[in-house]
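Order of listing sets the numbers, starting from 1, for every ligand and every atom in it. We number each residue from 1, following the sequence as shown.
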Amino acid sequence: MARLTWHGHSTFSLVTNGGHRILFDPFLNDNPKSDIKASDITELDFILCSHGHGDHFADAVDIATRTGATIIGTYELVAFAQSKGVKNGHGMNIGGGHTFDFGYCKLTAALHSGSVAGDDEGRYSSQPCGFLIDLDGTRFYFAGDTSLTMEMQLLAYKVDIALLPIGDNYTMGPEDAARAVDFIKPRVVIPMHYNTWDLIAQDPDVFREFVGDRAELVVLQPGSSYEF
Ligand code: NI
Ligand code: MN
């Protein structure tokens, strides 16, 4: 049994069937909805970072440095983390996959912007991405920050559980996210990147109406988990 826990915004921790501990897009200390602080994470194997914006990357360097976790992301983002003292990094690029201890992980396209929080000289601007991971046969898609894109059609029938942003303003809103569900055809969809601030306030029940019977909608609260 794998356990996925939401910490608000796009930050999730995942403990896989095999016991590997993965953190997605760590934004804890300045995240008004998080149930934990970065210092609460003391044991971790991997950090998957979709892009360098502060609301996805702010606590990545600290947590990776303290725990020894390996940061996985696009090449430039991982290079930036390593320039800040992170020992273990694995740079990749969109369309490429690699087999890690926890399973096969492939970087997917995301349409978004790519500055890196903490990169004061602007040397490491990076392409945002998502992650498609095969966890013992369960295919798990973390979209990152993205608009609705035609590239999502490439994921049709390749995803069991999809984590999609619905906040609007910076990413897809509920209506486009429901079209993404149409494109991807996952079994389960979990909304993220909403209700962190007023600017991205959304009612998940509105998203539920747009999704209809296309997928099972699982709405998490910060600190609550979904097991699969
Ligand atoms: Ni962003
Ligand atoms: Mn964001």
Side-chain angles (χ1 to χ4, degrees), residues 4-14 22-38 47-64 71-81 84 91-94 107-120 122-132 140-149 151-152 162-180 184 189-204 207 219-222:
L4 177 76
T5 305
W6 194 37
H7 302 298
H9 208 55
S10 295
T11 307
F12 291 84
S13 44
L14 172 66
I22 302 170
L23 186 64
F24 290 87
D25 281 5
F27 173 53
L28 298 166
N29 289 345
D30 294 332
N31 175 350
K33 294 296 161 73
S34 179
D35 58 312
I36 59 172
K37 292 294 177 194
I47 302 176
L48 273 56
C49 288
S50 67
H51 63 300
H53 288 163
D55 60 319
H56 299 259
F57 186 69
D59 297 312
V61 169
D62 162 51
I63 295 172
I71 295 188
I72 300 172
T74 50
Y75 177 84
E76 290 81 1
L77 188 61
V78 171
F80 172 73
K84 294 293 181 187
M92 303 177 67
N93 221 316
I94 289 166
L107 267 54
T108 58
L111 196 53
H112 192 65
S113 62
S115 62
V116 177
D119 175 20
D120 299 330
R123 292 175 54 207
Y124 292 94
S125 178
S126 74
Q127 171 69 49
C129 70
F131 297 96
L132 179 63
F140 180 93
Y141 170 55
F142 176 89
D145 277 5
T146 185
S147 70
L148 178 69
T149 73
E151 277 71 11
M152 289 170 177
L163 276 54
L164 302 178
I166 66 161
D168 220 344
N169 196 79
Y170 300 116
T171 67
M172 300 188 281
E175 194 168 359
D176 278 356
R179 287 195 74 194
I184 299 164
V189 60
I190 300 177
M192 63 179 181
H193 210 276
Y194 72 102
N195 285 355
T196 319
W197 306 284
D198 288 347
L199 190 55
I200 55 171
Q202 295 295 340
D203 179 353
F207 181 50
V219 175
L220 295 176
Q221 301 302 321

*Go through the steps to decide whether H7 and N31 satisfy the test side chain to side chain donor-acceptor pair (under 3.5 Å), and finish with yes or no.*
CA-CA 9 Å; H7 302 298; N31 175 350; over 6 Å; no
*Go through the steps to decide whether Y141 and L164 satisfy the test side-chain contact (heavy atoms from CB on, under 4.5 Å), and finish with yes or no.*
CA-CA 8 Å; Y141 170 55; L164 302 178; 3.9 Å; yes
*asked:* Of all the N, O or S atoms in D145, which has the shortest distance to the Ni ion (ligand 1)?
replied: OD2
*May I have the step-by-step check of side chain to side chain donor-acceptor pair (under 3.5 Å) for D145 and H53, ending in yes or no?*
CA-CA 10 Å; D145 277 5; H53 288 163; 4.6 Å; no
*Is any side-chain heavy atom of P165 less than 4.5 Å from a side-chain heavy atom of Y170?*
no
*For the Mn ion (ligand 2), what is the closest N, O or S atom on D145?*
OD2
_Shortest-distance N/O/S atom, D55 versus the Mn ion (ligand 2)_ = OD2
*Do you see an N/O/S atom of H112, backbone or side chain, under 2.8 Å from the Mn ion (ligand 2)?*
no
*Can the ring centroids of F24 and F140 be said to lie less than 6.0 angstrom from one another?*
yes
*Would one find an N, O or S atom of H53, in either backbone or side chain, under 2.8 Å from the Ni ion (ligand 1)?*
yes
*Could you state the interatomic distance from CG (D176) to CE (M152), rounded to the nearest 0.5 Å?*
9.0 Å
_Rounded to 10 degrees, the angle NE2 of H51 makes with NE2 of H112 at the Ni ion (ligand 1)_ = 100°
_Presence of N, O or S from H56 under 2.8 Å of the Mn ion (ligand 2)_ = yes
